[in-house]
Structures are given as structure tokens and as C-alpha cells.
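Here is the structure we will look at.
The residues of the chain are indexed from 1 along the displayed sequence. One-based numbering, in listed order, for ligands and for the atoms of each.
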Amino acid sequence: MLIQIDRPNSRHSLPCPEPSSEAPASYSVYIETFGCQMNEYDTEIVRTLLKHHGFRMVECSEEADAVLLNTCAIRENAHNRVYGHLAMYKPLKEQRGLVVGVLGCMAQNLKQELMTAQPIIDVLVGPDAYRRLPGLLIQALQTNQRGMAVDLSEYETYDQIMPERRDGVNAWVAVMRGCDNFCTFCVVPYTRGRERSRDPRSVLEEVHQLVEQGYRQVTLLGQNVNSYRFADWDFARLLAAVADVPGLVRVRFTSPHPKDFPPALLDVLAGHPTVCKQIHLPVQSGNDRILQLMGRSYTRASYMTLVEAIRRRGPIALSTDIICGFCSEGDEEYADTYRLVQDVEFQNAFIFKYSQRRHTIAARKYLDDVPESVKTERVARLLELQKAISLKKNRALIGSTVEVLVEGEAKKSHDQWMGHTESNTTVVWAKDDGSVSPGDLVTVAIDDASHSTLFGHLHRRNV
Ligand code: 5AD
Ligand code: SF4
């Protein structure tokens, strides 16, 4: 595996701490990951860094000398989950001096305050400072010293580190980090810092290696992939180059921002068979006043125009994110969002209650004045609507066949396979005579459907 952590003469490289001379090979680390795919990806980077420094990764906290929580800060319930897990580790800390580290967005967001409030934490490291983690962990393990690294960087992209992945079919590949959009509700620009794009050569080298290792699908990740810029490369060019890597079966990306969706990206989607015909296009609200308060830089009408332009290119599945109960959202304004969901008929929608976040523009300028019970009720009504739409779309596939990339055994049964369609709908079907393995492309005949899953039987093995 490639682990060239420092590239000489690269001004992007941060120094990596020297491995300890005291043989930390005996130290074992267990990592728990919360939150989004970018965090999953960061955990893979952290695993690589730690192994390079002689740490041993283990699968449960009982065996570990150190436990790391890679955290999310996007909503308050993400924080609460982490507090719950920290409390869980208290007995292990007291019994045998377990070292506890908090990584990621919550560490970056709360910094010293979190260290002070939670004496259980030995090490606190933000998303741009993972190269300092091995040194801080060794310090905590060997001398009981607490340590913190929460510097944000304008350059850090970890692009010389090949993350250690565990899923054998899909690999996440971050193409950029940070966000400069400052949507008023969102904490990400404060926890992940300024936007910076990875060198396309390093992205492509990583994708080539993934294919050599047997990966069949890559998902390109960025907080707003439309902002990707590196010399004269934009995201459409990068996506086309990745899609042309021989041996790759599917390419996905997440997420583009509706304010600057380039037509060239649709050309790449339409012109490259390996790029899945699926776009996650977060709308957040269907009301112009709320969109403006959110700082989203598009209107309901311009979003709908974009949806129409996408749909004119053929069957492309759309999914979205929606926030209910943003500051001052009235019933009529919520009704606009409800109607937008009815009009667009997304394949899938992630629907959230607004959660006020420290530092954000909304927290500084607006009142979080929609009662909790109203937020809950608005989310529930939208979820019900979306479930009915998803069910209708999925039931329309009964009697037809869909192409599925086999990912592994179904969660609920060892006797079934699970995979996704190009539109990213989950498909489950009975295992057959043993001719199918994860990574295969198969055709499944659909017999039944729920709002979230298609059920069927193997029609044919394709590749
Ligand atoms: N409250 C609720 N949802 C939020 N999101 C981002 N910030 C907040 C917040 N403060 C949602 C948005 C975004 C998704 C990743 O999380 O819908 O697209
Ligand atoms: Fe947050 Fe907006 Fe950036 Fe997405 S685009 S990460 S919602 S600030």
C-alpha cells in the first residue's frame, strides 16, 4: 500500500511527527465514527496514519489502549450522541486508564471548552490536524499528558495518504475539503475551514490504485463539489477523467450546490456510462424568503429550472436535504417546501429539524423561534409525504428488472444479497447457487417494494 506521508518539496505538506522510538507497536486503538461520509473517509486516513506510526487497530474498546471518537457537529443530537459515548467509557478509564480521544468537527467546534467540561478526554484533534494525532496519543499513553490540536489549514488535503479502506466494493474519495459557502445555518465552514481542492493527479492515482485493489465503485466527496478548482481543472473535468479510469464500474459524487450547477456536469453525466444517473441536490427549503435567510443564493424558481434541465437529460434520480423549522419559518413558508417536494417527487429526501449551531450566522443574527413541537410535526408530515412518493416510485418497478452492484450480505439475513441500483435504491434478493459475489454487476427482477427497498430474485449475472 502507498503511504508516502510527506512529499518533499510540496508546500502543501505538513510535517508528520516522527514515530516514537519507544515502540508504540504494543498500543492498540479503537475508532468509532459518527456523522457523514467525509468523517468515514477521515477515519480511514487516521487509521493509515496511526498504523504508519506503529499503532495496532482493533475492533472493540475492551481490547484497546486508546479509544477515538471521530465526531460530527452538524446538529445538536450529534453532540449528544458523543456525550453518551464518553460517559460509556468512564468505567474503562477508571479501571485501567483507557486513553480517550475526540476527533473531528465537534472537537474543532468546542475546542478547549470540551476539554474543560469533559476531563475524560486526553486528546482533542480537529479535522485538519490529524498528522499531529500519533504524537499526541503517544504523549497521553506514555506520560498521561493531555493534548489538543485544532489548527485549521488552508492547504491540508491529506492527498499523499492512501486511506485504509475496509468496504471492498465502494471507496469514498475526498476531492476537496472545507466549505466557503457559509449557509447561515451550517457549522461546517467553522469546523472544516476554507475550501481547498486536491491535485487531480493525486485523485486519479488513488482511483487507479483502488481499481487495482478490486474496488468497483468510487464516490467522489466534497462539501460542494461544484467549487472544485485546481489550475484549469473543474469538477466536470475531474469527474470525466475518473469515469474514464479503466475497470471502474460506477462513479458517484456528493454533493453539488444548486446555486452553481454547471451544464458541463450534466454533459459528463449523460456522456459517461459509468457515472450513475443520480444527483443529490440539497434544496433545504422551497420558500424564497427562507432560502434567502439561509444564504443559499438560489430561488425556488431557479431550483425548479435546474430540476427541469436535469430531467430533460433523461431519467436521473434526484435526492435532497431539507431543514424544517428554520428561524421564523411560518406555516405558509413550510407549505411551499411541502409543495416543492410534491412537485419534484424526489427519489429520496433527508429531512431534518433545524438545530441552532454555535458560531453560525443564523445563531448570531436570527432567533431560533419555531417551537420544537412544530419542527417535529413539520418533519413528520414531510417524511410521510416522501415515504409515499418513494413507495410509489419503487412499486412502479415491480415486474421490471434493475441492474445492481452487489455489495454484500443483507443486514437482516445471511441468505440474501444486498446492493444498489444506479439510482441508489437498495435492492435485496435471495442468494442463489453461489455464482454471485460482492463486486459483481447483476440484473435483479423486482417482485416487491417498500419505500426504502426493492425485493426480487436474480435474473442474470452481468459481469
Ligand atoms: N440544522 C439542521 N440541519 C442541518 N444541516 C446542516 N446544518 C443544519 C442545522 N443547523 C443539514 C442540511 C445539510 C445536511 C448535511 O445537514 O440539510 O444539507
Ligand atoms: Fe454547510 Fe452550505 Fe457548505 Fe453545505 S454548502 S457544507 S450546507 S455551508
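By the 4.0 Å N-to-carboxylate-O rule, Asp128 lies too far from Arg192 to be salt-bridged with it. The pair Glu113-Arg358 counts as a salt bridge, with a side-chain nitrogen and a carboxylate oxygen less than 4.0 angstrom apart. Ion pairing between a basic and an acidic side chain is recognised when a charged N comes within 4.0 Å of a carboxylate O; Lys375 and Asp368 show such pairing. A salt bridge between Asp234 and Arg237 is absent, with no side-chain N of the basic residue lying under 4.0 Å from a carboxylate O of the acidic one. With respect to Asp42 and Arg177, a salt bridge is recorded, a charged nitrogen being found less than 4.0 Å from a carboxylate O. A salt bridge is defined here as a Lys NZ or Arg NE, NH1 or NH2 lying under 4.0 Å from an Asp or Glu carboxylate O, and Glu205 with Arg201 fails to meet this definition.
If you number the atoms of ligand 1 from 1 as listed, the ones under 4.0 Å from a heavy atom of Arg357 come out as 10 (N). The Phe185 neighbourhood of ligand 2 comprises atoms 7 (S), with distances under 4.0 Å to a heavy atom of that residue. Ligand-side atoms of ligand 1 in range of Gln284: 12 (C), 13 (C), 17 (O), 18 (O), range being under 4.0 angstrom from any heavy atom. Here is the list of ligand 2 atoms found below 4.0 Å of a heavy atom in Gln223: 6 (S). Atom numbering of ligand 2 starts at 1 in the shown order; those under 4.0 Å from a heavy atom of Pro189 are 8 (S). Ligand-side atoms of ligand 1 in range of Arg75: 1 (N), 2 (C), 3 (N), 4 (C), 5 (N), 11 (C), 16 (O), range being under 4.0 angstrom from any heavy atom. Taking every heavy atom of Arg296 and a limit of under 4.0 angstrom, the matching atoms of ligand 2 come to 2 (Fe), 7 (S). Near Phe182, with a cut-off below 4.0 Å to any heavy atom, the atoms of ligand 2 are 8 (S). Atoms of ligand 1 lying under 4.0 Å from at least one heavy atom of Tyr354, given by number and element, are 1 (N), 2 (C), 10 (N).
Atom 1 (Fe) of ligand 2 has as its closest protein heavy atom Cys186 SG, 2.3 Å. In terms of protein heavy-atom proximity, atom 2 (C) of ligand 1 is nearest to Lys353 O, 3.2 Å. The closest protein non-hydrogen atom to atom 5 (S) of ligand 2 is Asn181 ND2, 3.4 Å. For atom 3 (Fe) of ligand 2, the closest heavy atom belonging to the protein is Cys179 SG, 2.2 Å. Atom 7 (N) of ligand 1 has Phe185 CD1, 3.3 Å as its closest protein atom, hydrogens excluded (heavy atom only). Of the protein's non-hydrogen atoms, Ser355 O, 2.7 Å is the one closest to atom 10 (N) of ligand 1. Annotation: atom 6 (C) of ligand 1 to nearest protein heavy atom, Ile74 CG1, 3.4 Å.
Here the rule is side chain to side chain donor-acceptor pair (under 3.5 Å) with His420, and of Arg250, Glu407, Gln278 only Glu407 fits it.
For ligand 1, the polar-atom distance check finds no N/O of Pro282 at less than 3.5 Å from any of the ligand's N/O atoms. By the 3.5 Å distance cut-off applied to N or O atoms, Asp321 is counted among the residues near ligand 1.
Residues Lys277 and Ser423 have side chains not in contact (no heavy-atom distance under 4.5 Å, counting atoms from C-beta outward).
Other residues, nucleotides and ligands contribute at most 12 non-hydrogen atoms within 6.0 Å of the CG atom of Asp331. Heavy-atom neighbours of Gln342 CD from other residues, nucleotides or ligands within 6.0 Å: above the threshold of 12.
Under 4.0 angstrom from ligand 2, there are no non-hydrogen atoms of Asn224.
Under the 3.5 Å distance criterion, with hydrogens and angles disregarded, a donor-acceptor pair is assigned to the side chains of Ser390 and Gln386.
A heavy-atom separation below 4.0 Å is not found between Arg192 and ligand 2.
By the 30° and 60° cut-offs, the orientation of the rings of Phe352 relative to Phe350 is parallel.
With 2.8 Å as the limit, Cys183 does not count as an N, O or S neighbour of atom 1 (Fe) of ligand 2.
No donor-acceptor distance shorter than 3.5 angstrom exists from the side chain of Tyr338 to the backbone of Glu332, with no hydrogens or angles considered.
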